[in-house]
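Report on the structure given below.
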Amino acid sequence: MANIQQEISSFLSEATFVEGPILEVSVPEAKWHELALYLHDKLHFDYLVSIVGMDWGETMGCVYYLTRTADNSQVSVKVEIADRENPLIHSITDLWKSALLYEREVYDFFGIRFINHPDMRRLFLRNDWVGYPLRKDYNADPEVNPIRLEHEAVDDVTHAIVETPDGKLEERTNTLFGPEEFVVNIGPQHPATHGVLRLRTSLDGENVKKIDVYCGYVHRGIEKLCESLTYPQTLHFADRLDYLSAQQNRHAVCLCIEDALQVEVPARAQYVRTIMDELMRISSHLLFWSTFCMDLGGTTAFFYGFRDREKILDIFEETCGARMTFNYYTIGGLMADIHPDFQRKVKEFCAYLPAKLKEYHTLFTGNVIAQQRMKGVGLLSREDAISYGIAGPSGRASGWACDVRKNHPYALYDKVEFNEVVRTEGDVYARYMVRLDEILESIHIIEQLIDNIPEGDYAVKMKPIIKLPEGRFFRQVEASRGPLGIFIESHGDKNPYRLKINSACLPLVGGLDPMCRNGKIADLIAIGGSLDYVIPDMDR
Amino acid sequence: MFDFSIVTHWIDNLLRSVMPGWGALLIEFVLVGVVLLLLYAVLALFYIYFERKVCAFFQCRLGPNRVGPYGIFQSVADMFKILIKELITLNHSDKFLFNLAPYLVIVASMLAFGCLPFGKGLQVIDFNIGIFFLIAVSSIGVLGILLAGWSSNNKYTLIGAIRSGAQMVSYELSIGFSVLTMVVFAGTMSITGIVEAQSNGWFIFTGHIPAIVAFLIYLVAGTAETNRGPFDLPEAESELTAGYHTEYSGIHFGFFYLAEYLNLFIVSGVASLLFLGGWMPLHIPGWESFNQIMDYIPSVIWFFGKAVVISFIIIWFKWTFPRLRIDQLLRLEWKYLLPLNLINLFIMVLVVIYGLHF
Amino acid sequence: MEVKIKSMKYEDFKDNEYIEQLIKELKASNTNVVVGCLDEVIDWGRSNSLWPLTFATSCCGIEFMSLGAARYDMARFGFEVARASPRQADFVMVAGTIVHRMAPVLRRLYDQLAEPKYVVAVGGCAVSGGPFRKSYHVLKGVDEILPVDVYIPGCPPRPEAMFYGLMQLQRKVKVEKFFGGVNRQEKRDKVFGK
Amino acid sequence: MNSALFVVVLITGLALVGAALLIAGLISPRSFNPQKGEAYECGIPSRGESWMQFKVGYYLFAILYLMFDVETVFLFPWAVILKDLGVAGLVNILFFMVILILGLVYAWKKGALEWK
């Protein structure tokens with residue numbers, strides 16, 4: 001850590017540092033791209049985890065979180081600019097591909113435009129939206145942005161600000177789709193996009209030429225809502241983000257807040273949290289299997305997957321009282337103790353599932369047609385996976401060992417023994433197999449813990465009003481679809497100054513276009529299914 | 001074995017005894033039409049119900065069970081509803097072709113339906129080139145699908161239609177060749193002739209290996225012809241929303257829905273008449289008493305029983321296999337089925353010429 | 001008159017006033033016997049064959065999927081065929097949050113549904129905006145842009161609750177007057193002018 | 001008699017469609033709004049026409065099909081009388097078949113059977 005600080009300060013004397021769990025570097029905007037180049041090329045920070053847009057009142061800016069995949073060391077860079085009217089920051093899309101979507105998101109929420117970004121359109125909001133909602137001075141009057149029932153104009157060109165070699169800024173337009181192209185909308189209302197994602201797809205017969213992703217069809221403004229809620233209240237949104245990894249999401253928020261407060265969570269709660277996380281992962285992967293098979297046309301598989309998922313939901317329901325939005329974890333522990341039958345049922349389930357997995361493999365994995373549809377389709381190299389930030393099971397299928405549970409262990413993951421499932425093919429089949437194998441690993445984790453849940457409190461008693469100390473906090477957990485990061489900037493109040501959810505699914509759609517090019521429509525469906533994105537998670 | 005031509009002749013004589021010949025003929029024609037229509041509708045409804053129940057049991061569900069005992073009126077309710085649903089007219093479609101498409105689809109399946117021998121002496125159209133005619137008319141259906149997809153002026157339907165064009169056209173070949181193989185064996189194209197030729201044993205038994213291969217190819221190609229099962233690319237729901245009939249509503253859509261199930265029946269009916277002896281009971285040479293018992297089962301039951309069993313297999317395909325991709329679909333046909341078919345035809349010719357069959 | 005739904009007792013529907021009101025209106029309108037009988041047949045067919053549009057935006061959509069899956073199996077009631085094309089669907093289950101960007105899309109889907117069509121608002125978000133009610137980008141209930149027939153509260157509602165709501169929809173369909181009621185022929189000129 | 005029955009079946013099919021459409025047209029409900037008649041494309045207005053030039057790959061298979069289907073038509077009459085012709089019939093038709101198969105081999109070698 002100190003090492004990185006030295007290297008950066010020797011490279012750039014203007015940089016100032018704030019020590020913390022993650023080193024924070026502040027640079028002036030003019031030097032930012034230079035530093036980014038240095039971080040990427042010389043220090044090998046090849047994974048851009050997140051770009052957090054910020055509005056500090058007087059100034060605006062971004063906080064970048066970077067990771068070096070070689071040793072998983074992290075660094076964050078803060079770039080601050082004073083011009084609120086026409087904020088401009090240099091883009092880093094030339095270094096990290098995941099910035100393509102992240103910077104558009106910042107533009108959408110804060111109006112910060114990125115120099116040299118090829119595509120400065122709004123990401124989540126309509127292109128005729130007035131104002132930038134996450135700015136502190138946003139006019140929230142419904143009169144300004146009423147519900148519009150006319151369709152937004154289709155844009156076939158994008159606008160960009162380009163810096164010419166002599167340092168001048170120029171407005172340019174880039175063509176997305178030519179007038180003669182056969183452009184089909186796949187989604188928002190489409191059975192295979194797993195929700196309301198819109199893919200504008202240019203087709204040549206059956207072949208996909210280009211995909212342009214439109215998000216925001218279920219953008220609910222959670223980050224803005226959190227700013228007016230107290231910390232315990234913000235928790236309940238976590239369940240509704242990626243509802244298929246509800247427990248893990250909530251775990252992330254709790255971890256972040258507990259970290260800031262430096263609360264020690266009782267052992268019993270740690271055990272239960274780990275087990276619940278893994279159960280959630282199993283249920284999510286089962287749902288992945290069901291829907292993926294259905295996308296490929298194997299309808300019966302859908303029913304088998306759901307049949308077994310219901311068994312997990314039964315276990316959840318007994319303890320948490322709900323089938324989907326559990327509201328179970330809380331700051332400092334759990335909402336309630338586990339149900340007396342919990343251990344017995346979980347053990348029964350762990351004994352039941354492996355046999356069923358074999359059945360899945362005979363039904364679907366071994367099928368000739370399924371194999372032909374999956375193998376060699378949607379290739380993603382390790383470098384691309386890192387550059388596009390495609391982590392989680394999809395990244396591990398490309399040979400990138402990116403499991404947060406191993407790299408930055410939380411809860412009990414450093415105490416249990418499990419393998420990180422990594423495959424190297426990087427195709428649809430690998431992504432499919434990684435998930436099915438992860439189910440077995442999760443069962444293995446649960447089996448190690450379930451008999452050893454210690455007695456004791458399930459939660460520490462917290463003060464009725466929770467106030468976080470000032471500072472920036474960032475925690476990640478491994479959700480079912482990849483690392484979910486929670487960023488909180490606290491100004492010492494009872495509600496967060498800014499809460500940013502770094503979703504695991506947004507980078508996944510960023511990688512759709514390169515993966516699907518020159519494939520067939522059917523491949524697009526298979527690739528989309530294998531990435532297993534959840535739209536409300538990426539839209540927030 | 002009861003010959004249904006006795007009944008038809010009796011009705012014919014009765015009518016002729018009370019009215020002039022042309023009147024009797026007219027009434028007979030109307031009767032034929034009505035019976036055919038009823039049979040068509042009832043079969044389609046039965047098949048819809050049958051498929052739902054079968055797939056429900058594959059999927060550990062119950063399937064429809066609220067409307068009528070065991071839900072048997074479910075498909076009736078569906079048809080009622082579809083009949084009175086709105087027919088949407090599109091703004092920028094080719095209206096003539098849009099409206100023509102369902103006619104083509106239904107008429108094609110109706111004509112093919114009329115060719116099937118439902119029982120002994122129970123057949124509407126019986127040409128000496130019957131099986132040839134059957135293949136010819138059933139392939140009109142693809143025109144309907146093409147027109148439906150093209151005329152809607154919708155990108156999904158267009159892709160669906162063109163997919164189905166490439167698919168149907170390819171698998172038509174396999175159907176043609178496997179039927180040809182059986183025609184070589186039977187030595188006749190007349191449907192009655194083919195069935196009569198199987199009185200001593202069904203072709204699938206007497207024609208041994210080439211007949212079995214032809215049967216398997218026919219099953220695969222027939223599944224593809226009906227746009228079902230792993231070959232449902234033209235209406236691939238997860239890719240093209242509803243495929244070529246995305247824009248069809250109400251009874252317009254109902255026609256495609258009906259025809260899909262009727263085509264399933266026709267394909268299995270043809271399979272049963274070519275390979276499993278049509279309405280011919282199971283006869284095993286030498287087991288006279290067994291054969292006599294088999295003869296007591298009415299021919300109609302034999303035919304429908306065989307057809308339903310084959311349909312069950314085709315439904316089984318659908319609910320087991322994932323969907324093929326278009327290039328795999330065409331590769332399967334042109335690189336595997338077609339050469340296999342040609343070789344199989346050759347073997348069959350040798351078998352026939354040298355009398356190697358039973 | 002009782003509106004019967006198989007295997008669900010009349011008393012088990014807790015809010016009968018609305019249906020009673022519909023029946024009263026039906027009786028007051030004095031249809032003749034033939035039309036009345038036809039109506040009954042048609043309503044029987046329609047209520048037992050309501051096909052949903054496969055539409056879901058968020059959490060409730062997963063529960064909607066469980067509704068179709070093995071344990072709950074909505075095919076039993078005749079909600080068998082979830083159609084992906086609005087031309088062939090009978091009702092749209094608005095399962096999940098509807099946001100500003102989605103509003104025109106949903107409206108278009110509703111417009112493109114073939115008559116007779118129904119809307120079921122599933123879950124807190126579709127009913128009122130739910131936990132996101134105060135957000136800048138969320139509709140405060142889907143009834144701001146569509147006429148809703150049945151509301152199913154919950155976050156997300158349990159599949160049993162969804163069944164209850166769907167049965168309510170069936171009951172509503174059962175007492176509808178088809179001739180001169182639901183099928184009144186709207187004039188094209190009224191919408192488009194001459 | 002058979003051709004008359006053929007017409008009867010044809011008319012039955014037409015009548016089925018016609019009658020059902022008539023009933024549906026008479027009693028089915030109607031509603032009008034500007035968006036209804038437009039193409040359904042996942043709830044988004046379409047961009048441009050969908051009637052446009054389409055990839056040639058599909059037609060290639062149609063042409064191949066033509067070649068083979070016409071040949072099968074010629075084979076059918078031969079198939080019926082094969083038993084009478086015997087080995088001579090086989091030898092004669094072999095010439096024909098070989099040319100046909102050569103066509104397939106040629107197409108295969110040319111890569112026409114590969115979807116592009």
Side-chain angles (χ1 to χ4, degrees), chain B residues 29 32-33 36-37 40 83-92 102-103 106-107 110-111 114 124-127 132 152-156 158 162 165-166 169-170 172-173 176-177 180 183-184 187-189 241 246-247 250-251 254-255 326-327 330-331 334-335 338-339 342 346 349-350 352-353, chain D residues 2 4-6 8-18 20-21 23-25 27-31 36-42 46 49-51 54-55 57-58 61-62 64-65 68-69 72-73 75-76 79-83 86-87 89-90 93 97 100-101 104 107-108 113-116:
Chain B
F29 285 163
V32 166
L36 209 58
L37 203 69
Y40 188 91
L83 184 63
I84 50 167
K85 229 160 139 75
E86 180 184 7
L87 297 173
I88 294 175
T89 35
L90 298 176
N91 294 345
H92 306 290
Y103 281 97
I106 289 287
V107 165
M110 186 66 97
L111 281 174
V124 183
I125 308 175
D126 187 15
F127 287 126
F132 196 62
S152 309
N153 193 8
N154 176 311
K155 287 165 187 166
Y156 286 122
L158 182 68
I162 294 190
V169 143
S170 303
E172 195 72 46
L173 267 185
F177 270 107
L180 184 67
V183 170
V184 168
T188 172
M189 280 196 268
T241 56
T246 302
E247 295 289 355
I251 192 69
F255 290 137
I326 180 98
D327 55 329
L330 293 171
R331 198 190 314 142
W334 291 93
K335 294 200 171 167
L338 185 61
L342 289 171
F346 186 69
V349 169
L350 291 182
V352 169
I353 290 175
Chain D
N2 258 323
L5 277 171
F6 165 72
V8 169
V9 177
L10 184 72
I11 292 174
T12 313
L14 293 175
L16 171 65
V17 183
L21 278 179
I23 296 175
I27 65 170
S28 72
R30 280 289 136 84
S31 72
K36 192 165 219 165
E38 285 177 37
Y40 167 71
E41 200 179 307
C42 293
S46 285
E49 278 279 304
S50 61
W51 290 331
F54 216 73
K55 198 179 161 63
Y58 296 102
F61 286 93
L64 279 175
Y65 164 74
F68 278 91
D69 208 45
T72 16
V73 171
L75 287 178
F76 265 98
V80 175
I81 51 163
L82 177 76
K83 273 181 188 154
V87 183
L90 173 64
I93 211 72
M97 292 286 279
L100 187 67
I101 292 166
L104 181 67
W108 197 323
L113 303 187
E114 211 50 59
W115 179 264
K116 279 189 282 291

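Every chain is numbered from 1 and lettered A, B, ... according to where its sequence line falls, protein lines coming before strand lines.
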Relative to chain D, which of [options] shows the most heavy atom pairs under 4.5 Å?
{"options": "B:Y40, B:F132, B:F177, B:F346", "answer": "B:F132"}
{"options": "B:I106, B:T89, B:L173", "answer": "B:L173"}
{"options": "B:L90, B:D327, B:V169", "answer": "B:V169"}

B:N154 side chain vs D:A39 backbone, donor-acceptor pair below 3.5 Å: no
Heavy-atom donor-acceptor pair, B:E247 side chain to D:Y40 backbone, under 3.5 Å: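 At least one qualifying donor-acceptor pair exists.
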B:L111 CG to D:T12 OG1 distance, which is reported to the nearest 0.5 Å: 9.0 Å
Straight-line distance of D:I23 CD1 to B:I251 CD1, nearest 0.5 Å: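 The CD1 atom of D:I23 sits 8.5 Å away from the CD1 atom of B:I251.
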Under 4.5 Å from a heavy atom of chain B, the part of D:I11 involved: neither
Could you look at [X] and say if it's the side chain, the backbone, both or neither that has a heavy atom under 4.5 Å from chain D?
{"X": "B:T246", "value": "side chain"}
{"X": "B:I88", "value": "side chain"}
{"X": "B:F255", "value": "side chain"}
{"X": "B:K85", "value": "backbone"}

For chain B, the option from D:L75, D:L14, D:V80, D:I101 that forms the most heavy-atom pairs under 4.5 Å: D:V80
Could you pull out the closest heavy-atom pair between [X] and [Y], with the gap in Å?
{"X": "D:A20", "Y": "B:L83", "result": "O-CD1, 3.8 Å"}
{"X": "D:Y65", "Y": "B:W334", "result": "N-CH2, 3.7 Å"}
{"X": "B:P339", "Y": "D:W108", "result": "CG-CZ3, 4.0 Å"}
{"X": "B:L87", "Y": "D:S28", "result": "N-OG, 4.2 Å"}
{"X": "B:V107", "Y": "D:G13", "result": "CG2-C, 4.0 Å"}

Pair D:L10-B:M110, side-chain contact (heavy atoms from CB on, under 4.5 Å): steps then yes or no: CA-CA 7 Å; D:L10 184 72; B:M110 186 66 97; over 6 Å; no
Test side-chain hydrogen bond (donor to acceptor under 3.5 Å, both in side chains) applied to B:E86 - qualifying residues, sequence neighbours left out: D:K36
